[in-house]
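Starting from 1, each residue takes its place in the sequence as its number.
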Amino acid sequence: MDLLGNWNSLFSQMTWRQVDPSVSTAEIGDMIEFAHPWSGLSLWGVYVGDGRVIHFGVGDENMTQRACRSFLQQIVPKSKGERVLRKTRICTQLITEIKVPPGTRIRVNNNKHNLVPSPQEMMQNRCETFLHQEFNYDLLNFNSEHFATFVRYGNAVCNQIPFQKKNGDTTQTLQMIMTQRMETET
C-alpha cells in the first residue's frame, strides 16, 4: 500500500477526533494543533514525519490533567509542589496515539503566530536537543505552544492565554539550553 493509502487508513480510524484533511498532507515542521472542544485550549506539536509529532506532553496525561497540574504548580510553593507534581517529557508520538478528548479537532495550523519558520535543519536540531528532556509544565510560562513555536520559529510564543503576553523569558531559557548543548558537543 502506498503512503497515501496508509494515511487514509490511519486517519479513518480517528474520525471521532475530527481530523482535518490538512493533517494527511502535513510536511515536516508544520504546526499541528489539537484544539480541545470545551476548554478553548490546544495542545501543540510539530510534525516530524511518518505520522508523528514532537510535543511537550506525556501520553498518559490528558489536557485536563495537565491544566490541573499547571494550576497546582501556581498555587503550591515549588519546594512542596515537586513532591506532588511530576515533570513532563518532550516526546514524539504518532498523532493517533496522543490521548485527547473526543471531539478534539486536529489540524495543521501554521497561520496563528505570524512568524517566519526556521530552516528545517534548525527545526531538526531543536527537536534533537529537547527530545526526551523533562521540564515542569507551566500553563502560563512554558506549555506545549511555547515549545512547538520555539521548534518551528525559534521563538517561544503562546497566544492561548490572552492576559499572558510575556514570552521572552521562555525563549531565552530554551536558547540557553540549545547553546549549552552545542558547547558540550564541541
Same cluster or not: [X] versus [Y], using hydrophobic residues (I, L, V, M, F, W, Y) connected whenever any side-chain heavy atoms lie under 4.5 Å apart?
| X | Y | value |
| --- | --- | --- |
| Met122 | Leu115 | no |
| Phe135 | Phe150 | yes |
| Phe147 | Met178 | yes |
| Ile98 | Val108 | yes |

Side chain to side chain, [X] and [Y], heavy atoms closer than 4.5 Å:
| X | Y | answer |
| --- | --- | --- |
| His113 | Tyr153 | yes |
| Met31 | Pro117 | no |
| Leu43 | Glu145 | no |
| Phe34 | Arg107 | no |

| message | Exactly one of Val116, Thr171, Thr149, Thr170 should register a side chain to side chain contact (heavy atoms under 4.5 Å, CB included) with Asn155. Which one does? | response |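 Of the listed options, the one satisfying the test is Thr171.
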| Passing option when Ile106 is tested against Val53, Ile95, Thr96 for side chain to side chain contact (heavy atoms under 4.5 Å, CB included) |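 Testing each of Val53, Ile95, Thr96 against Ile106, the sole residue satisfying side chain to side chain contact (heavy atoms under 4.5 Å, CB included) is Ile95.
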| Is it the case that Ser42 and Arg105 place a side-chain donor and acceptor less than 3.5 Å from each other? |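 No, because no side-chain N or O of Ser42 sits under 3.5 Å from a partner of the opposite role on Arg105.
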| task | Begin with the C-alpha distance, continue with both residues' side-chain angles, and end with the deciding distance and a verdict on side-chain contact (heavy atoms from CB on, under 4.5 Å) for Val157 and His146. | result | CA-CA 5 Å; Val157 175; His146 287 108; 5.9 Å; no
| task | Answer with yes or no after comparing the ring centroid distance for Phe142 and Phe56 against a 6.0 Å cut-off, counting only values under it. | result |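 Here the rings of Phe56 and Phe142 have centres that are less than 6.0 Å from each other.
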| field | Audit row: Gln124, Glu128, side-chain hydrogen bond (donor to acceptor under 3.5 Å, both in side chains) steps and yes/no | value | CA-CA 6 Å; Gln124 183 177 1; Glu128 290 170 3; 3.2 Å; yes
